[in-house]
Amino acid sequence: MMQSFIFPGLTTRVVFGSGTTARAGDEVRRLGHDKVLVLSTPHQQADAERLAATLGELSAGIFAGAVMHTPLDVTQKAVDAFRSSGATAVVSLGGGSTTGLGKAIAVRTGADQVVIPTTYAGSEMTDILGETAAGEKTTRRSPDIRPETVIYDVDLTLSLPVGLTVTSAMNAIAHAMEAFYAPDRNPVIVLMCKDALAAFHKGIPALIADPHDRTARAEALYAAWCCSAALGSVQMALHHKLAHVFGGSFDTPHAETHAILLPYTTAFNEQAVPDLLAPIADAFGGGTAGGGIWDFARSVGSPLSLRAIGIQEADLDRATAIAVKNAYANPRPIDPGSLRELLQAAWEGRRPGA
Ligand code: NAD
């Protein structure tokens, strides 16, 4: 029998396609604004300048200083730039770092957000904001953090380097994996996640063969939307907690950390909820969800071990202690011993169960 559920709806408006960045001005006006600040990282400043030119008189300027993990000092500068520009909304063009900066401005000023995501990290559909100050990352959820409009433009993802294409896709798959067993999951999100796995399974190998394959880019970006909607709709558990521990306390790179941990967190929870994680084995093969995702990771050249990103074996005890400090929902109870084993396997990079 189908379990009972609540579907809260998806409140963010989504425009998906090729060349859709040209519709940014219409989307800004639709939200009732006539001045916007365009946000980007320094690396994507040229894209931001092109967008500002397209926006014409709607553009109140560019702030191209977004960096990873939304540090408060950068946010303060961006809020000052936003206020002095006369803008009432932001257009965030870039990956999760730029989206994070737009959210940080929105939550402090009430600005509306139009987001144009260029990676598969999946921040754009969520009400989640992670911020760092003095080396500590804190995360909060609030309705005023969630962007009003997301414009997915396949063309802007053509330049995504192959390495980040792969790890960013694994980051997105992690949202789907935890959505499958989330206590507040619903059938719409589960369907979207299943569709996302199939699309990534098809799209990512094609993008390794040809990063400019537009059909594969569209598959991957569609999958990213589904996974972002999942992240923004339901609770996350052990996997996201561990990624947060390594990113926050060991300063590991965001997408790689998710990519490395995913087979091990999947295998760990598969022991408790094999039926709920069966869609992963269905999508990737391999006999088990954890084994299947590890096989996929290896086949697409995703990093496989924590030691490959600079974690020392001696760090694993500290990571375990931080991860078990506060209780959080997870389908399998978490104890220091089994968590330490999970991290050992992830540090070595061996196939789960091997
Ligand atoms: P990123 O935004 O830091 O981008 C990495 C680099 O790639 C940047 O220099 C960026 O300019 C560049 N880049 C992005 N797209 C490109 C493209 N198409 N072509 C060429 N270069 C491109 O990386 P990310 O993995 O997307 O985001 C990571 C950040 O997002 C972390 O801070 C993470 O905490 C946050 N995040 C937040 C949520 C949420 O819901 N709050 C969800 C996922 C990620």
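The first residue in the sequence is number 1, and the count goes up from there. This structure is a prediction, so every number in the text was calculated from the model and none was measured. Every number for a ligand or one of its atoms is a count from 1 in the order of the listing.
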| remark: Near Gly95 (heavy-atom distance under 4.0 Å), the atoms of ligand 1 are 2 (O), 26 (O)
| note | If we number the atoms of ligand 1 from 1 as shown, the ones under 4.0 Å from a heavy atom of Leu164 are 5 (C), 7 (O)
| What protein heavy atom is closest to atom 23 (O) of ligand 1, reported as residue, atom name and distance in Å? | Met68 CE, 4.0 Å
| field | Test log, rule side-chain hydrogen bond (donor to acceptor under 3.5 Å, both in side chains), inputs His240 and His175 | value | CA-CA 8 Å; His240 283 75; His175 310 328; 2.9 Å; yes
| query | Can you tell me which residue and heavy atom of the protein come closest to atom 9 (O) of ligand 1, and the distance to 0.1 Å? | reply | His43 CB, 3.7 Å
| task | Look at atom 25 (O) of ligand 1 and say which protein heavy atom is nearest, naming residue and atom and giving the distance to 0.1 Å. | result | Ala121 CB, 3.9 Å
| Shortest protein heavy-atom distance from atom 34 (O) of ligand 1, along with the residue and atom involved | Lys137 NZ, 2.8 Å
| What protein heavy atom sits nearest atom 10 (C) of ligand 1, and how far off is it? | Gln44 OE1, 3.4 Å
| query | Which ligand 1 atoms does Leu156 reach within 4.0 Å, using its non-hydrogen atoms? | reply | 18 (N)
| Distance filter under 4.0 Å to Thr41 heavy atoms, resulting ligand 1 atoms | 10 (C), 11 (O)
| remark: At under 4.0 Å between heavy atoms, what of Thr118 touches ligand 1? The answer is both
| Are the side chain of Arg23 and the backbone of Thr20 linked by a donor-acceptor contact shorter than 3.5 Å? | no
| Backbone of Thr21 reached by a side-chain donor or acceptor of Asp153 within 3.5 Å | yes
| field | Salt-bridge contact Asp315-Arg318 (side-chain N to carboxylate O under 4.0 Å) | value | no
| query | Can you tell me which residue and heavy atom of the protein come closest to atom 26 (O) of ligand 1, and the distance to 0.1 Å? | reply | Thr119 OG1, 2.6 Å
| said: Side chain or backbone, does Thr70 bring an N or O within less than 3.5 Å of an N or O on ligand 1? | reply: no
| request: Output, in order, the C-alpha distance, side-chain angles, deciding distance and verdict of side-chain hydrogen bond (donor to acceptor under 3.5 Å, both in side chains) for Glu313 and Gln344. | output: CA-CA 8 Å; Glu313 196 169 8; Gln344 186 68 30; 2.8 Å; yes
| message | Looking at non-hydrogen atoms alone, which of Ser228, Ala174, Ser123, Ser40 comes nearest to atom 38 (C) of ligand 1? | response | Ser123
| Is any side-chain N of the basic residue among Arg217 and Asp155 closer than 4.0 Å to the acidic one's carboxylate O? | no
| message | I'd like to know if the side chain of Thr257 and the backbone of Phe246 have a donor-acceptor N/O pair within less than 3.5 Å. | response | no
| Charged N to carboxylate O under 4.0 angstrom, Arg50 versus Asp47? | yes
| message | Looking only at protein heavy atoms, which one is nearest to atom 40 (O) of ligand 1, and what is the separation? | response | Thr126 OG1, 2.7 Å
| said: Tell me the nearest of Gly96, Ala64, Gly130 to atom 27 (O) of ligand 1, using heavy-atom distances. | reply: Gly96
| said: I'd like to check Tyr120 versus Asn171 (side-chain heavy atoms, cut-off strictly below 4.5 Å). Are they in contact? | reply: no
| query | Going by the angle between their ring planes, with limits at 30° and 60°, are Phe284 and His201 parallel, tilted or perpendicular? | reply | perpendicular
| Leu231 heavy atoms, cut-off 4.0 Å: which ligand 1 atoms fall inside? | 40 (O), 42 (C)
| request: Could you list all the side chain to side chain donor-acceptor pair (under 3.5 Å) pairs where at least one residue sits in residues 319-332, not counting sequence neighbours? | output: Asn269-Asn330
| task | List every atom of ligand 1 that sits less than 4.0 Å from any heavy atom of Lys103, numbering the atoms from 1 in the order shown and giving each element. | result | 39 (C), 40 (O), 41 (N)
| Element-labelled atoms of ligand 1 that are located less than 4.0 Å from some non-hydrogen atom of Ile128 | 39 (C), 40 (O), 41 (N)
| task | Could you tell me the residue and atom name of the protein heavy atom closest to atom 17 (C) of ligand 1, and the distance to it rounded to 0.1 Å? | result | Ser159 OG, 3.5 Å
| request: Output every pair passing side chain to side chain donor-acceptor pair (under 3.5 Å) with a member in residues 221-232, not counting sequence neighbours, ordered by first then second residue. | output: Asp195-Tyr222
| note | The atoms of ligand 1 lying under 4.0 Å from a heavy atom of Leu160, numbered in the order shown, are 15 (N), 16 (C), 17 (C), 18 (N), 19 (N)
| request: Nearest heavy atom to atom 1 (P) of ligand 1 wins, so pick from Ala224, Gly248, Ser97, Ser92. | output: Ser97
| said: Taking atom NZ as the centre, does Lys137 end up with more than 12 heavy-atom neighbours from other residues, nucleotides or ligands that are less than 6.0 angstrom away? | reply: yes
| remark: Filtering Glu256, His254, His69 for the heavy atom nearest atom 32 (O) of ligand 1 leaves His69
